[in-house]
A.B. asks: 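Can you keep this structure in mind? I'll have questions shortly.
For clarity, every value in this text was computed on a predicted model and none was experimentally measured. In what follows, residues are counted from 1 in the order of the sequence shown.
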Amino acid sequence: MRIVAALGGNALMRRGEPMTAGVQRRNVKTAVAGLAPLILQGHELVITHGNGPQVGLLALQAEAGPVDGRYSLDILGAETEGMIGYLIEQELQNVLPAGALTATLLTQIRVDRRDPAFNHPTKPIGPVYADEIVARRLASERRWALIRDGTGWRRAVPSPAPLEILEARVIEFLIDRGVTVICAGGGGIPVIEGPDGSLVGVEAVIDKDHASGLLARLIHADRLLLLTDVDAVRLNWGRPDAKAIAEARPADLDPDHFAEGSMRPKVEAAIGFVNETGRPASIGRLEDVSAILDGRAGTTVHSGCSHMRLREAA
């Protein structure tokens, strides 16, 4: 089975943890422990990942330097693709049999320069600021847009829709030759095409879930896994009567009922993949990968479901 597994940025850098290299390496090691068995079982695995905390940290570091030395978000996105890809690739090599092939591929993704997302920032990046006064002061000083994230505040940046994955043929070429590919990290590097066909990066961060859904369709994946730090999609999220969804049809889920910038893009990506391919997509915790594939955990969206089924409380 060909699987695209999308690791959420918060699955690699958990809420409340210090954003250090050691913490991130430890979390990547945990992620690889969950994914490596899929490769050992003979599945073709493509790994994508988020970069919200990481790209935000690099942006803060750039802010501390000289004004003329600041890097745009597309370049910082490329840096995080290389950094996180390196850690995932190395940890895979540490646990897979000798001779197993892995590769990290910097991935450019074309977006539309006229996408309305450029005027409506929704993608949270960087640390969570618990103090609203501090968050608003920083936003004013640095001309940030702010978005609420849980009980805190984060910087928000434009998140245009991915239209084309420029390296899709290269990715499929590698998969067909037995390579486990790590790609489209952080949603890929956002680029636009000029009138003459030339490419240039833009100041944005593409949503990793939407990019992963597009990738899964382009490479004819059998399954899309959207892995995060939440165990399932829930009806009435945040309320006492919240219920975990075990399985649902695309028509059963309304993305507008879920938080923008967190669960909503996962639901949208799952619905889009199922509607276009007829194959299943699942959302759940990274540590539950095997149980998700077996239907024992997470939320699976598929066209063969007769009605929405809720998961019984443990």
Side-chain angles (χ1 to χ4, degrees), residues 1-12 28 31 34-35 38 43-52 54-55 77 80-81 84-85 88 103-111 117 122-123 125 159-172 174-175 180-190 204-230 233 250 253 255 258 261-277 279-286 289 292-293 298-302:
M1 182 162 56
R2 179 170 292 185
I3 300 170
V4 171
L7 306 178
N10 289 326
L12 297 175
V28 167
L35 294 176
L38 301 182
H43 297 299
E44 296 176 333
L45 183 63
V46 179
I47 301 172
T48 67
H49 58 80
N51 72 342
Q54 296 84 357
V55 75
T80 62
E81 253 199 296
I84 300 172
I88 296 173
T104 299
L105 185 68
L106 290 179
T107 313
Q108 299 176 91
I109 297 186
R110 185 174 64 82
V111 301
T122 60
K123 179 66 177 174
I125 66 170
S159 183
L163 301 178
E164 179 185 8
I165 298 178
L166 302 185
E167 285 78 18
R169 290 177 59 196
V170 179
I171 295 167
E172 195 155 29
L174 292 170
I175 300 167
T180 296
V181 184
I182 304 147
C183 61
I189 304 163
V205 175
I206 300 170
D207 184 84
K208 167 265 309 172
D209 298 311
H210 287 305
S212 301
L214 176 59
L215 174 66
R217 297 194 296 272
L218 291 175
I219 65 171
H220 312 290
D222 300 297
R223 191 75 174 262
L224 173 62
L225 297 179
L226 302 165
L227 304 172
T228 182
D229 56 353
V230 177
V233 179
L253 301 173
F258 301 95
S262 61
M263 187 56 74
R264 176 171 173 170
K266 292 174 177 55
V267 171
E268 290 174 334
I271 290 172
F273 179 74
V274 176
N275 280 338
E276 290 203 27
T277 69
R279 303 184 187 105
S282 299
I283 301 169
R285 292 190 305 183
L286 173 60
V289 168
I292 290 170
L293 287 175
T299 299
T300 294
V301 182
H302 61 104

A.B. asks: Please tell me if the side chains of Arg2 and Glu172 come closer than 4.5 Å, counting only heavy atoms from C-beta onward.
C.D. replies: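 With C-beta onward as the side chain, the pair touches.
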A.B. asks: Using the rule given for side-chain contact (heavy atoms from CB on, under 4.5 Å), can you reason through Leu293 versus Leu225, listing the C-alpha separation, both sets of side-chain angles and the distance that settles it, and then say yes or no?
C.D. replies: CA-CA 9 Å; Leu293 287 175; Leu225 297 179; 4.0 Å; yes
A.B. asks: So, do Thr277 and Arg217 sit near enough that their side-chain heavy atoms are less than 4.5 Å apart?
C.D. replies: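 With C-beta onward as the side chain, the pair touches.
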A.B. asks: Do Arg285 and Thr228 meet the criterion of a side-chain donor-acceptor pair at a distance under 3.5 Å?
C.D. replies: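 No, no side-chain donor-acceptor contact under 3.5 Å.
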A.B. asks: For the pair Ser282 and Arg223, evaluate side-chain hydrogen bond (donor to acceptor under 3.5 Å, both in side chains) and give the outcome as yes or no after the intermediate values.
C.D. replies: CA-CA 8 Å; Ser282 299; Arg223 191 75 174 262; 2.9 Å; yes
A.B. asks: For side-chain contact (heavy atoms from CB on, under 4.5 Å), just list the numbers for Ile47 and Val181, CA-CA rounded to whole Å, side-chain angles, deciding distance to a tenth of an Å, and then say yes or no.
C.D. replies: CA-CA 6 Å; Ile47 301 172; Val181 184; over 6 Å; no
A.B. asks: Go through it in stages, so that I can follow the logic: the residues are Leu174 and Thr180, the test is side-chain contact (heavy atoms from CB on, under 4.5 Å), and I'd like the CA-CA distance, side-chain angles, deciding distance and then a yes or no.
C.D. replies: CA-CA 8 Å; Leu174 292 170; Thr180 296; over 6 Å; no
A.B. asks: So do Ile189 and Ile109 actually touch side chain to side chain, heavy atoms under 4.5 Å?
C.D. replies: no
A.B. asks: Can you name the nearest heavy-atom pair linking Val111 to Pro162, along with the distance?
C.D. replies: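 Residues Val111 and Pro162, closest heavy atoms: CG1-CA, 4.4 Å.
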A.B. asks: Does Glu268 form a side-chain contact (heavy atoms from CB on, under 4.5 Å) with His210? I'd like the steps, not just the answer.
C.D. replies: CA-CA 8 Å; Glu268 290 174 334; His210 287 305; 3.0 Å; yes
A.B. asks: Enter the distance from Leu218:CG to Ile165:CD1 here, rounded to the nearest 0.5 Å.
C.D. replies: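 The CD1 atom of Ile165 is 5.0 Å from CG of Leu218, to the nearest 0.5 Å.
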A.B. asks: Strictly by modelled atom types, are Ser159 and Thr122 linked by a side-chain donor-acceptor pair under 3.5 Å?
C.D. replies: no
A.B. asks: If you compare all heavy atoms of Val301 against all heavy atoms of Val274, which two are closest, and at what distance to 0.1 Å?
C.D. replies: O-CG2, 3.2 Å
A.B. asks: Is the shortest heavy-atom distance from the side chain of Cys183 to the side chain of Glu167 under 4.5 Å?
C.D. replies: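 Contact flag for Cys183/Glu167 side chains = no.
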A.B. asks: Give me the atom names and distance for the closest heavy-atom approach of Ile206 to Ala211.
C.D. replies: CG2-CB, 4.3 Å
A.B. asks: For the residue pair Leu224 and Ser212, what are the closest heavy atoms and their distance?
C.D. replies: CD1-O, 4.0 Å
A.B. asks: Report the distance from atom CD1 of Ile84 to atom CG of Leu7, rounding to the nearest 0.5 Å.
C.D. replies: 9.5 Å
A.B. asks: To the closest 0.5 Å, what do you measure between CZ (Phe258) and CE (Met263)?
C.D. replies: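 Interatomic distance, Phe258 CZ to Met263 CE, rounded to 0.5 Å: 7.5 Å.
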A.B. asks: Side chains of Glu81 and Thr104, heavy atoms from C-beta outward: is any pair under 4.5 Å?
C.D. replies: no
A.B. asks: Could you check if a side-chain atom of Leu166 sits within less than 4.5 angstrom of a side-chain atom of Thr107, using non-hydrogen atoms only?
C.D. replies: no
A.B. asks: Looking at every non-hydrogen atom in both residues, tell me the closest pair between Pro280 and Phe273 and how far apart they are.
C.D. replies: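 Minimum heavy-atom contact is O-CE2, 3.3 Å.
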A.B. asks: Does a side-chain heavy-atom distance below 4.5 Å link Leu227 with Ile292?
C.D. replies: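 The answer is yes, as the side chains (C-beta and beyond) meet within the 4.5 Å cut-off.
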A.B. asks: Nearest 0.5 angstrom please: Ile125 CD1 to Gln54 CD, how far?
C.D. replies: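 Rounded to the nearest 0.5 Å, the CD1-CD separation comes out at 11.0 Å.
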A.B. asks: What heavy-atom pair brings Leu253 and Ile271 nearest, and what distance separates the two atoms?
C.D. replies: O-CD1, 3.7 Å
A.B. asks: Do Lys208 and Asn51 have side chains that approach each other closer than 4.5 Å (heavy atoms only, starting at C-beta)?
C.D. replies: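 In short, these two side chains do not touch, never coming nearer than 4.5 Å.
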